[in-house]
Amino acid sequence: MDTKFSLKIEGMTCATCAVRVEKALLGASGVKKATVNLATEKASIETVVGIGVDTLIAAVEKAGYQVPTKSVVLSVGEMSCASCVGRVEKALKAVPGVIAASVNLATEKAQVKMLIDADVERLLDASKKAGYLAHVVNDGSGTSQTKSIQGSAQGWKLACAVALSAPLLAPMLLALFGIDLTIPGWLQMVLATPVQFWLGARFYRAAWNAVRAGSGNMDLLVAMGTSSAYGLSVYLLLAQSVHVAHGMSHLYFESSAVVITLVLLGKYLEARAKNQTVQALRALESLRPTTALVRRAGIDIEVSVVEVRMGDIVIVRPSDRVAVDAEILEGSSYLDESLLTGESLPVSKQVGDVVIAGSVNADGLLLVKASAIGGATMLSQIIQMVEDAQAVKAPIQALVDKVSAIFVPVVLVISVLTFVAWGVFTGDWQAALLNAVAVQVIACPCALGLATPTAIMVGTGVAAKYGILIKDAQALEVAHRLTAIAFDKTGTLTEGKPALAEVISLDYTETQMLEWAAAVQQYSEHPLALAVLQKARQGGVTWSQVSDTKAMPGRGVQAKLNDVTIYLGNLRWMQELGINTANLDVAVQQQQQAGRSVSCLALHHDGRNEQTQLAGVLSFGDSVKANAHAAVVRLQAMGVKAIMLSGDNYGSANAVAQTVGITDVRAEVLPADKANVVRELQQAGYRVGMVGDGINDAPALAAADVGIAMSTGTDVAMHTAGITLMRGDPVLVADAISISQRTYHKIRQNLGWAFIYNIIGIPLAALGYLNPMIAGAAMAFSSVSVVSNALLLRNWKPWHAKEGSQ
């Protein structure tokens, strides 16, 4: 039977566009019919069974048009293992209009990408039919609608289970000390029944949903195992085959009740441990102020932060948190941005500087103009990125999902074989049943489902704490394998701001040169002019007003100071003016070879019959960041090759490279060529990380195995990269690789523990060395140990924090 789709398409402006889209769709694999309506901007498509909507979207995008989509986040309750995750994902992906669905057991959330006009309610219905209640957390508009469901056992239910199970377990424990305590069989049944059918009801509900969906999960194993032990005990009690003196050894009510209690205990401890994995995210969320002091019509009023509008004047008092991203209009102060950037020292802020929502004003009164509000603030975007990274599954999780899909059926087969083998070869069908139950109980795939997401949650959280924002789990997983890092030069290894490095003159002092250069450039916004003015201010140099200022595009600037005409510009302009530069040619060449930009300053005295004379040259250089050399040394110590890609001339690029310790320099590289260099390195066998901060770096960031952007750069770079460094410190590149290595190591430890636990535990249970209670305790311990092991990642510290603690 064919499948029908309806796609909304954006960007079509004429009949030709519609024809182009229709042709693209018909050319896609499996498409039988396609009709595009320009008026409604919709395409009606008929495909063979099995063709997904993602195939159709790819065809439309290849034709140059867009299919609008939205991302929806669901909170899914009562998932207990990786098998549950697989079933929910399968149900969500089957909903019409869904492009992709990813379910995370640790966060109990599902991220769904779907067509813009697809019905969100159908997602909830699909999840419910699969046996799991879901609620919308985010409908794609960024509006939070509900809180996450708490799927773990509540504390009071656990307390009831312990109270009812303890008397059943007491005779066994007391027997170790030679104390014989006999509890009547009917009383055992009275104690065990509420545990089995009231406190254990969730296992039966989830097991039934699993059976109805044609799959298995941990709840099915627990329900079957405990029901078998409980049912055998009831049969023996009713058959009156229990010896009065030794009744307890022949009834197994304690096994069923204690196993359920242990599972509930494991889920309770697991939930408490998982809560600790999101502490970094909660710390970020706690930075959000609830109110802001706004000046409107000359009156200062306190309003809810959601009422702040773009362009509002916000007053930030000492010790207040900044409510929105804004630009300082009045005042100066030091701001603590540590929880946003990981930088422990307060940052000096002046008029014109940008302040970030969530940072703390230390001492001065600031008047700021709101430039980003609500979800557009950097703090909100950071929180969203961290949540997204924690919700999306890492590539290694695909292996776990495949294993989990066949795990429960295999365990059930092993359980049946254990029961038959023990019964046939020993004739003890009671022991056969108990061993089969132990196999079912110990084979819980919870640890498998939690191994990867818990480590990802803790890893991304602790990285965010220190200013390393990891946007997706794939970047975190891949970063540990990087063997080469390609650095952009300007703004990444250097400050990105030219500074006046040297003033060279034959006949004049440095102060005189700065007076003339500052005077002629006092109203200019050119980066080199700003560098001159900054140097003059730092030296206490004052300058006079000039007249007849003329900017010469591509050459320089000239102006009159009393009876002297000042020319300040590049060497080519000096030559065009016929100025003799021979006296300083050697100095100019030396500066250019050192990678510096050179401006020449010439003077012409009006009224004198003489040529314009070269007074001297000003040399400008972009200063290397303080930690750039340390960053390269750290990478080399980690076995990672450092490469520089720069659009600047070779002299400038090589000078910086020598300073920081990079030997492989690719200079005069265009933006598109940067991406080609990255691909060449990949073809040579390197796994490449690209570090950049500009729009021109975006193609290379996208082409790299992992793109790493500086937050001090452009938004385009940050959106393209998988990792964003919240400080412009290149040392954080090595820190990002370090936390990736630690996280991946924890993932492998967790998966190894989970697999080994089952490989050892199942055979021991089948051979009769584990009774159901011990198996239940081991199962609970497995899940808790996996989460606890992941929590050890919180002890990770970046390089600068370690250095500071020594």
Side-chain angles (χ1 to χ4, degrees), residues 3 5-10 41-43 52-58 60-61 66-79 82 84-151 209 213 278 281 285 306 374-376 380-394 397-398 401 449 453 456-457 460 470-474 719:
T3 305
F5 294 92
S6 177
L7 294 184
K8 182 175 178 60
I9 300 173
E10 292 180 339
E41 295 184 322
K42 286 192 174 182
V53 68
D54 53 335
T55 302
L56 307 179
I57 292 175
V60 172
E61 291 178 344
Q66 296 296 317
V67 176
T69 62
K70 61 184 176 183
S71 294
V72 179
V73 180
L74 304 179
S75 175
V76 185
E78 296 192 351
M79 293 189 298
C84 302
V85 169
R87 187 158 62 257
V88 175
E89 279 187 355
K90 184 178 179 181
L92 293 175
K93 288 177 180 176
V95 174
V98 170
I99 303 165
S102 176
V103 179
N104 189 308
L105 177 62
T107 59
E108 297 180 343
K109 287 183 180 179
Q111 280 203 332
V112 184
K113 183 180 180 183
M114 59 196 308
L115 299 177
I116 194 73
D117 52 0
D119 188 2
V120 175
E121 289 298 321
R122 299 187 71 172
L123 296 176
L124 306 183
D125 292 339
S127 181
K128 185 177 180 180
K129 287 180 181 177
Y132 304 87
L133 290 177
H135 294 267
V136 177
V137 174
N138 189 300
D139 63 359
S141 64
T143 304
S144 180
Q145 294 186 355
T146 64
K147 293 182 179 179
S148 177
I149 300 171
Q150 186 60 257
N209 291 328
V278 293
L281 192 58
E285 290 174 338
V306 298
S380 295
Q381 291 177 1
I382 289 172
I383 292 172
Q384 187 60 52
M385 285 179 175
V386 175
E387 285 182 333
D388 290 345
Q390 293 182 343
V392 176
K393 289 191 289 189
Q397 185 65 25
D401 292 343
I456 294 290
M457 288 173 69
T460 53
I470 301 171
K471 287 170 56 178
D472 57 69
Q474 182 170 350
H719 287 312

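Index from 1, following the sequence.
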Taking all atoms of both residues into account, what is the closest heavy-atom pair of [X] and [Y], and its distance?
X: Ser127; Y: Ala134; answer: OG-CB, 3.6 Å
X: Leu74; Y: Val72; answer: CD2-CG1, 3.9 Å
X: Ser6; Y: Lys42; answer: OG-CD, 4.0 Å

Run the side chain to side chain contact (heavy atoms under 4.5 Å, CB included) check on Lys128 and Leu133 step by step: do they pass?
-> CA-CA 5 Å; Lys128 185 177 180 180; Leu133 290 177; 4.1 Å; yes

Does Ser102 offer a backbone N or O that forms a donor-acceptor pair with the side chain of Lys113 under 3.5 Å?
->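 No, Lys113 side chain to Ser102 backbone: no donor-acceptor pair under 3.5 Å.
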
Would you give the length of the straight line joining atom CG of Leu115 to atom CG of Leu56, rounded to the nearest 0.5 angstrom?
->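 Here the rounded value is 9.0 Å.
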
Spatial distance of atom CD (Glu61) from atom CG (Asp54) [nearest 0.5 Å] |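 With rounding to 0.5 Å, CD (Glu61) is 10.5 Å from CG (Asp54).
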
Can you tell if the side chain of [X] reaches within under 4.5 Å of the side chain of [Y], non-hydrogen atoms only?
X: Ile99; Y: Met114; value: no
X: Leu123; Y: Val136; value: no
X: Leu7; Y: Val53; value: yes

Could you list the residues that satisfy side-chain contact (heavy atoms from CB on, under 4.5 Å) with Pro68, not counting sequence neighbours?
->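 Pro68: side-chain contact (heavy atoms from CB on, under 4.5 Å) contacts with Lys8, Glu10, Ile116.
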
Partner set under side-chain contact (heavy atoms from CB on, under 4.5 Å) for Lys93, not counting sequence neighbours =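 Testing Lys93 for side-chain contact (heavy atoms from CB on, under 4.5 Å), a comparison that skips the adjacent residues, returns Glu89, Ala101.
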
